[in-house]
Amino acid sequence: MPSDTAPVAVVTGANKGIGREVVRRLAERGFVVHLGSRDQQRGRAAEGVLRADGLDVRFLHLDVTDETSVALAAKRVADETGPLRVLVNNAGIGLAEQAPSQTSAEQVRHVYDTNVFGVVTVTNAFLPLLRRADSARIVNVSSSLGSLAAAAANEDPSGVFPPGRFPTLLAYGTSKAALNAVTLTYANELRGTNILVNAVSPGFVATDINGHNGVLDVEQGARIPVLLATLDDDGPTATFLGEDGTPGGQVLPW
Ligand SMILES: NC(=O)c1ccc[n+]([C@@H]2O[C@H](COP(=O)([O-])OP(=O)(O)OC[C@H]3O[C@@H](n4cnc5c(N)ncnc54)[C@H](OP(=O)(O)O)[C@@H]3O)[C@@H](O)[C@H]2O)c1
């Protein structure tokens with residue numbers, strides 16, 4: 001069991017999928033990990049699985065779209081474990097591929113509430129705790145589908161979609177493009193401080209978000225998020241890394 005001085009991490013949307021695996025990996029490295037979940041039952045179930053393996057994982061009720069829930073979560077972490085070493089903004093939702101012309105503004109707004117505004121709410125709520133750590137990392141779980149360079153070239157850099165067919169996911173793709181911009185904005189504000197801020201595309205991972213059509217498993221999908229969460233102090237900030245099987249990942253174009 002980690003000591004009182006063990007580093008502390010918060011992972012949002014961690015009751016399943018990539019987030020839960022990131023929790024496992026960080027806890028295996030000695031972190032106390034707060035497992036964020038908007039649903040108490042699902043969160044407690046995931047906590048139980050990981051604690052049964054001897055890991056210091058603590059369910060944290062956290063709905064990224066609910067400011068009160070986020071504020072209470074930040075207070076609980078402050079009261080219970082103090083300074084925060086790692087924040088992984090992992091919670092995300094998707095929307096089936098459909099033509100932009102068939103997508104309503106309301107559908108786009110709904111996805112942005114979680115994938116963009118949720119990240120801003122959570123990051124601002126936890127920043128005071130991150131600033132209190134000796135050094136800290138923010139990892140935003142984005143997607144290669146958020147790359148504007150890839151969209152402009154009409155090529156998916158992860159190679160999942162055929163050449164010349166960058167997917168027309170208006171809500172999801174542009175929410176991740178906005179998240180990338182959010183990442184750079186925080187990284188620039190926090191340059192020269194103790195906090196490194198980076199984005200990651202975990203790869204095409206078989207999870208609920210894509211009906212388990214992904215080609216990677218969650219262990220593979222968690223690899224680069226964990227790498228960014230555990231960067232040394234001289235590690236990069238304002239980078240966008242993807243999964244390509246190499247130890248350091250693949251630098252993706254914004
Ligand atoms: N899988 C891929 O191929 C892939 C590729 C690129 C990027 N990503 C990104 O990776 C991240 C994790 O996705 P995943 O593949 O692991 O999908 P997933 O299994 O569907 O997990 C998504 C998680 O986000 C949570 N969530 C959704 N809305 C939330 C909210 N308002 N507050 C708190 N949590 C919320 C979900 O909770 P519930 O169980 O309550 O719904 C779930 O725990 C997402 O940001 C996704 O966009 C995934």
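Everything numeric in this text was worked out from a predicted model, so none of it was measured. Indexing begins at 1, ligand by ligand and atom by atom, following the structure's order.
Near Leu62, meaning under 4.0 Å from one of its heavy atoms, ligand 1 places the atoms 32 (N), 33 (C). With ligand atoms numbered from 1 in the order given, ligand 1 contributes 3 (O) to contacts under 4.0 Å with heavy atoms of Phe204. Every atom of ligand 1 is numbered from 1 in the order shown, and the set under 4.0 Å from a heavy atom of Thr65 is 31 (N). Ligand 1 places these atoms under 4.0 Å from at least one heavy atom of Asp63: 30 (C), 31 (N), 32 (N). Within ligand 1, the atoms closer than 4.0 Å to a non-hydrogen atom of Val141 are 9 (C), 10 (O), 11 (C), 45 (O), numbered from 1 in the order shown. Using a 4.0 Å cut-off to heavy atoms of Ile93, the atoms of ligand 1 that qualify are 27 (C), 28 (N). Within ligand 1, the atoms closer than 4.0 Å to a non-hydrogen atom of Asn210 are 1 (N), 2 (C), 3 (O), numbered from 1 in the order shown.
Nearest-heavy-atom check against atom 45 (O) of ligand 1 across Val160, Asn115, Thr207, Asn90 picks out Asn90. Counting heavy atoms only, Ser142 comes closest to atom 7 (C) of ligand 1 of the residues Ser142, Gly118, Ser201. The nearest non-hydrogen atom to atom 22 (C) of ligand 1, considering only Gly92, Gly211, Gly43, Ser144, comes from Gly92.
Hydrophobic clustering places Leu196 together with Val251 (ILVMFWY residues linked when any side-chain heavy atoms are closer than 4.5 Å, directly or through intermediates). Ile209 and Ile18 fall within a single hydrophobic cluster, where Ile, Leu, Val, Met, Phe, Trp and Tyr are joined by side-chain heavy atoms under 4.5 Å apart, directly or via other members.
Residue Lys176 places a heavy atom under 4.0 Å from ligand 1. The closest approach between a heavy atom of Asp39 and any atom of ligand 1 is not below 4.0 Å. Thr114 counts as a contact of ligand 1, since one of its heavy atoms falls under 4.0 Å from the ligand.
Looking only at side-chain heavy atoms (C-beta outward), Val57 and Arg24 stay at 4.5 Å or farther from each other. Between Asp217 and Val205 the shortest side-chain heavy-atom distance does not fall below 4.5 Å. Phe126 is listed as a side-chain neighbour of Val10, based on a closest heavy-atom distance under 4.5 Å. You'll find the side chain of Arg58 stays beyond 4.5 Å of the side chain of Val33, heavy atoms only. In this structure, the side chains of Phe166 and Glu155 stay at 4.5 Å or more apart for every pair of heavy atoms. Looking at Val119 and Thr12, their side chains never come closer than 4.5 Å, going by heavy atoms from C-beta outward.
Atom 16 (O) of ligand 1 has its closest protein heavy atom at Ile18 N, 2.9 Å. Among all protein heavy atoms, the one lying closest to atom 8 (N) of ligand 1 is Tyr172 OH, 3.5 Å. At the shortest separation from atom 39 (O) of ligand 1 among protein heavy atoms lies Asn15 ND2, 2.8 Å. Atom 42 (C) of ligand 1 has its closest protein heavy atom at Lys16 CE, 3.7 Å. Among protein heavy atoms, the minimum distance from atom 41 (O) of ligand 1 is reached at Arg38 NH2, 2.7 Å. Among protein heavy atoms, atom 25 (C) of ligand 1 sits closest to Gly13 CA, 3.6 Å. Among protein heavy atoms, the minimum distance from atom 1 (N) of ligand 1 is reached at Val205 O, 3.0 Å. Of the protein's heavy atoms, Gly203 O, 3.7 Å lies nearest to atom 4 (C) of ligand 1.
Ring-plane geometry between Phe204 and Phe161 is classed as tilted, the angle between the planes lying from 30 to 60 degrees on a 0 to 90 degree scale.
Checked by distance only, ligand 1 and Pro202 stay at 3.5 Å or farther apart across all their nitrogen or oxygen atoms.
With sequence neighbours left out, Asp39 forms a salt bridge (charged side-chain N to carboxylate O under 4.0 Å, His left out) with Arg42.
A salt bridge between Arg223 and Glu219 is absent, with no side-chain N of the basic residue lying under 4.0 Å from a carboxylate O of the acidic one.
Across Thr121, Leu127, Val122, a single residue satisfies side-chain contact (heavy atoms from CB on, under 4.5 Å) together with Asn124, and that is Leu127.
Listed by first and then second residue, the side chain to side chain donor-acceptor pair (under 3.5 Å) pairs involving residues 200-209 are Lys16-Asp208, Asp208-His212 (not counting sequence neighbours).
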